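Heads up: the structure comes next, in structure tokens.
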Amino acid sequence: MSEPLAPQYDPSHIEADLYRWWMNQRLFEASGRGKQRYVIMMPPPNVTANLHMGHGLNNTVQDVLVRFERMRGRDTLWLPGTDHAGIATQNVVERLLAKEGKTRFDLGREAFVERVWEYVRQTGATILDQLKAIGSSCDWSRTYFTLDEDLSRAVREVFVRLYEKDLVYRGHYLINWCPRCLTALSNEEAEKEEVDGHLWYLKYPLETGGFITVATTRPETMLGDTGVAVHPDDPRYRDLVGRQVLLPLTDRAIPIIADAAIDPEFGTGAVKLTPAHDPLDFELGRRHKLASIDIFTPEARMAETVPDRFQGLDRAEARKRVVAELQAAGLLEKVENHRHAVAHCYRCETIVEPRLSDQWFVRMEPLAKQALAAYRTGKVRFIPERRGDEYAQWMENIRDWCISRQLWWGHRIPVWYCGNSSCGRIVASRTDLARCPGCGGSVEQDPDVLDTWFSSWLVPFSSLGWPDKTGDLRRYYPGNTLVTAPEILFFWVARMIMSGLEFMGEVPFDTVYLHGTVRDTQHRKMSKSLGNGIDPLEVVERYGADALRYTVVAGMAVGTDLILDPSDLESSFAAGRNFANKLWNAGRFILGNLDGPTRPLAGDYRNVVPKSALGLADRWIIARCDATIRTATEAYERYRLNDAANAIYHFIWSDLADWYIEQIKPRLYGDVPGKDVAQAVVAATFETALRMLHPVMPFITEALWQRLPGRGGASISVAPWPGPDQRASDPAALAQFGLVQELVGALRSIRADYGIQPGLSIRAFITDAPLAGARIFDAERPTIMRLAKLSGLELGNLPEGAGATAVLSDGSAVFVPLGDAIDLDKECGRLKSEHSRLVQQIQSQNGKLANEQFVARAPAEVVDKERRKLDDWREQADVLSQKLERLGCK
RNA sequence: GGGCGAAUAGCUCAGCUGGUUCAGAGCGCCUGCCUUACACGCAGGAUGUCGGGGGUUCGAAUCCCUCUUCGCCCACCA
């Protein structure tokens, strides 16, 4: 570790080596450091997923929090895991099979599931390795998978308990069905999306002659109509209630019924009823005892229940055909454009079909009641707060959760049906059953599996060994923070709160931090299908994990989205890389100026130098460091990670590198008084800065920190978080050095303004300084002269002649004689010719704007622009004439 | 249809409890510099009706109302 550092920071090897070293040290394993616990639960990624920016963001935030708390000395556990992602994973493997020309039915259930396992074993570790590449400090020894034996046992236990409490039931209801995945979906999995559709007005002939017109967005479902409904008070239809309608294209007569659920204002006020394919119609069908006719196959093609000529058509074709036939028969009154919400499968985007079938449900109301109360009593809070309202709203309008899925990949429903028709028992069991416990007859297990979320909602305790009362469970439940994207607030977070309360009696975490979404510059969500994604691993390779993390953390305020440009990684990530390089070089400089490793730089300059030996700049940087500690600590605590990152960035780049290091250079270079002080203070503040930055940029801070003398092979990741220090607070130093900075800035401005050669030293004079100011300038003369490149600084008197002036905030006036700094005649000439050029421009511009034709005909913006140009030039001319005057040009 | 949020520099955004970092940061742009840690750098500079309009206040980017434009969540007007 003592080889000379390269002038450019290269993360590529450093990061991988450090991660390996951290793992060997087992630094991230929960091991009981500290009394206070900090537990954070990773939202389990899909086991076969590849890391995308959403994961990158989510895990960076979690890692920052957990590293911060680990340094604060808490007993931290960041629990990682993956989920089996039933539909998604099964789909992937089915696609692979399709390439071989096979379906899952060709293999059979057992062989297919084995095939999925094989696939998972093959790809399953990748996502976790990718998380390691971005620095995630999880306790990998506790990694779980939702299909692990332990977690599967918990799933069964929960199912059976809920069944015994009558909170799980089997019902014949209309559910969301994905005709591509061939499975039921929960309401949350059927995502509503607004689409431009049509409203068709269909004329249904009345038995007694005449027509009743109904409006529908789905004309093809008319083949399954079993009634027409109107509002009971609707005068248009009062006489028709109870009469029959002859359903076109079929030979059926269906009744007209009255129900208050019908909105007379919409469409014609008459609605066709298809109980098998629409939620409202299903309700009304039950209420009025209408038949229901399922007109679709599972693939959403027309079934045998419709006339021959329609059979086998898919939904879209059937719609065309039905509309065409109705039109031919003169039964299509009109078609209107109509925008409405259509549900899509959240996995494959296919339009969801409402379908009548037997499914298992969780009765949610009792669970939601507790979960809502926990929120209302402040047992769980949301960041940002407004997300809590969404949570509450969902809880208040909770609907039962359809948990059965017609898949093979997942936890099979632990229910057995007795085959003996005289017994017919249905048993939910913790253990596999071979015979019916009632009659001893043969039993058959339910073929369906459970929704993946039915295992995910248990992980805060199932991953810790529940239902066994393990030590882990006692120690790490409940946890503290849950960090996730708002998309899965209902899928996962809300349900975890419910399960935690139901099975553990306590909410699983007290804070839910919902971060934003990663989007491209057009504010579209990054997604594979749009091809606008950024591969975090490519970023790691090109810029380093620290750069990735810095960009993510610094670029995102609480509750806002993270906008990145997929076509220009440089613009997004260069800032992080540059910062890393800056830090690296500051470290390189400091390490190279510490006179070898013998000096005891244990982080506290007080061990080395007495306070009385500190100069103004030393006191200033110590005070700034302390202020930054306070800001950063508070910001981390309040989840304002961007504030913390920016405060530390500013401290390192502006305060430490731009000012303090520049200030101490003369002291470091020679063997002069104050050298030891400068060394001690710069080492101490730099070391503190590394610790503050570590949660955000763990790799480079570790690499530099270990090179500081006296580290003895320890890791910064378990070094103590820097605490604020009363003795470091020094408002006077902040103000006084601020004045020095102001003076140096003013002198530099003058130099740039008047084109003084950068290499040329100049003289400067200060008058009207208040006593205090004068004393500071006098004492800090070497610093000022060096940083502003002066050959002399005089207080009190003003020389004769032309010069430039500036006034500081304390009233001091700065004067720089220009006669000896620049060739006055030449400068005057330059300024004069520039001035006359401007005057000419202004005249011709005046002419242009006086041209009535131009003003009248040109677009308003153009005229405005020209006016602004004129104003600009006038202003520039003013500045020039002032300058000319000050220089005494004639 | 209901609820919520956002609009600030060319771009991405901070700005928390009205007033001492209140008009900011990074990137981009302009000018000058390879000054022995760093050109992934240094120094200097330009850029804003804080979405429009109204109000409250001694004082508003900040609070209220309204309009416009985007976004999010929820919802069985077929």
Side-chain angles (χ1 to χ4, degrees), chain A residues 5 7-9 174 187 192 199-200 214-218 221 229 261-274 278-284 338 340-341 343 354 384 386-387 389-391 393-394 396-397 399 486-487 489-490 516-517 519 521 523 543 547 551 554-565 568 570-572 574-593 634-635 638 640 642-643 646 649-650 653-654 657-658 661-662 665 669 738 744-745 747-753 755-759 786-789 809 872 876:
Chain A
L5 304 183
Q8 204 152 88
Y9 175 60
L174 207 59
N187 292 321
K192 291 290 182 65
L199 197 55
W200 283 269
V214 297
T216 180
T217 54
R218 298 199 60 195
T221 62
I262 303 305
D263 176 4
E265 304 291 316
F266 188 85
T268 59
V271 187
K272 61 191 261 330
L273 295 177
T274 321
D278 180 275
L280 177 65
D281 297 4
F282 174 75
E283 237 351 269
L284 295 184
H338 182 64
H340 61 133
R386 65 192 152 84
R387 295 286 178 184
D389 294 336
E390 284 173 24
Y391 168 89
Q393 201 185 6
W394 186 77
E396 279 163 1
N397 302 304
R399 285 183 294 167
E487 286 98 302
L489 177 57
F490 306 132
T517 308
R519 296 175 186 278
T521 45
H523 294 208
Y543 300 93
T551 299
M556 196 185 59
V558 172
T560 63
D561 288 337
L562 177 66
I563 312 293
L564 298 172
D565 187 349
D568 184 8
E570 188 74 13
S571 73
S572 298
R577 177 205 52 198
N578 295 354
F579 182 38
N581 195 50
K582 182 75 182 180
L583 183 66
W584 181 256
N585 275 290
R588 207 157 70 91
F589 175 81
I590 292 166
L591 288 168
N593 283 287
E634 197 201 330
R638 295 174 63 195
R640 304 179 69 94
N642 57 328
D643 284 352
N646 289 332
Y649 176 95
H650 183 267
W653 200 309
S654 306
D658 288 349
I661 288 182
E662 291 308 321
K665 273 179 178 172
Y669 288 154
V744 170
L747 290 165
R748 284 170 172 172
S749 286
I750 288 172
R751 297 188 68 112
D753 261 9
I756 298 169
Q757 293 285 322
R786 197 183 115 76
L787 297 182
K789 199 154 178 70
S809 62
D872 271 8
Q876 285 174 31

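Throughout, a chain's letter reflects where its sequence line sits, starting with A, and its residues are numbered from 1. What you are looking at is a predicted structure, and each value in this text was computed from that prediction instead of being measured.
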inquiry  = At 4.0 Å (heavy atoms only), tell me whether I262(A) reaches a base, stays on the sugar-phosphate, or touches nothing.
reply    = base
query = For U21(B), does the O4'-C1'-N9-C4 (purine) or O4'-C1'-N1-C2 (pyrimidine) torsion place it in syn, i.e. within 90° of 0, or in anti?
reply = syn
query = Which value, in whole Å, describes the distance between the P atoms of nucleotides U66(B) and G5(B)?
reply = 13 Å
inquiry  = Any N or O donor-acceptor pair under 3.5 Å from the base of A39(B) to the side chain of Q8(A)?
reply    = no
query = Are L174(A) and D281(A) close enough that some pair of their side-chain heavy atoms sits under 4.5 Å apart?
reply = no
query = Going by heavy atoms in the side chains, are P354(A) and D278(A) under 4.5 Å from each other?
reply = no
request  = Could you give the distance separating U20(B) and G15(B) at their C1' atoms, to the nearest angstrom?
outcome  = 15 Å
ask   = Just checking R638(A): base, sugar-phosphate only, or nothing, at a heavy-atom cut-off of under 4.0 Å?
value = base
task = Check the surroundings of atom CD in E570(A): do more than 12 heavy atoms from other residues, nucleotides or ligands lie under 6.0 Å from it?
result = yes
remark   = Each base of RNA chain B marked ( ) or [ ] if paired in-strand (Watson-Crick or G-U under 3.5 Å), | if paired to another strand and . if unpaired gives (((((((..((((.....[....)))).(((((.......))))).....(((((..]....))))))))))))....
Atom pairs, N/O to N/O, protein against nucleotides 7-14 of chain B, distance under 3.5 Å?
unit_1, atom_1, unit_2, atom_2, d
C13(B), OP2, H523(A), NE2, 3.3

inquiry  = Work out how far the C1' atom of A75(B) is from that of C58(B), and round it to whole angstrom.
reply    = 48 Å
What are the atom names and distances for every N/O pair under 3.5 Å that joins the protein to nucleotides 41-45 of chain B?
unit_1, atom_1, unit_2, atom_2, d
G41(B), OP1, N578(A), ND2, 3.3
G41(B), O3', K582(A), NZ, 3.1
C42(B), OP1, K582(A), NZ, 2.7
C42(B), OP1, W653(A), NE1, 2.6
C42(B), OP1, D658(A), OD1, 3.4
G44(B), O3', S749(A), OG, 3.1
G45(B), OP1, S749(A), OG, 3.1

ask   = From A78(B), A37(B), G26(B), pick the nucleotide closest to the side chain of E662(A)?
value = A37(B)
request  = Decide yes or no for L591(A) and L5(A): does some side-chain heavy atom of the first lie under 4.5 Å from some side-chain heavy atom of the second?
outcome  = yes
inquiry  = Are W200(A) and R218(A) packed together at the side-chain level, in the sense that at least one heavy-atom pair is separated by less than 4.5 angstrom?
reply    = no
inquiry  = Please report the distance separating the P of G51(B) from the corresponding atom of C34(B), rounded so that it comes out in whole Å.
reply    = 43 Å
query = Can K665(A) be said to sit on top of F589(A)'s aromatic six-ring, NZ or CZ under 6.0 Å from centre and within 45° of the ring axis?
reply = yes
request  = Please state the C1' separation for the pair U62(B) and A23(B) - nearest whole angstrom.
outcome  = 12 Å
inquiry  = Test your reading of the model: is there a side-chain donor-acceptor pair from N581(A) to the backbone of R577(A), 3.5 Å cut-off?
reply    = no
key: Partner set under salt bridge (Lys or Arg N to Asp or Glu O under 4.0 Å) for E396(A), not counting sequence neighbours   = R376(A)
ask   = Mapping R218(A) and I661(A) onto RNA chain B by nearest heavy atom, which one lands closer to the 5' end?
value = I661(A)
Scan nucleotides 73-77 of chain B against the protein and return all N/O pairs shorter than 3.5 Å with their distances rounded to 0.1 Å.
unit_1, atom_1, unit_2, atom_2, d
A75(B), OP1, R399(A), NH2, 3.2
C76(B), OP1, R399(A), NH1, 3.2
C77(B), O2, D263(A), OD2, 2.3

Full working for side-chain contact (heavy atoms from CB on, under 4.5 Å) between R748(A) and L787(A) = CA-CA 9 Å; R748(A) 284 170 172 172; L787(A) 297 182; 3.9 Å; yes
Output one line per pair: protein atom, nucleotide atom from nucleotides 29-36 of chain B, and distance, for all N/O pairs under 3.5 Å.
none

Donor-acceptor pair, side chain of N585(A) and main chain of P7(A), under 3.5 angstrom = yes
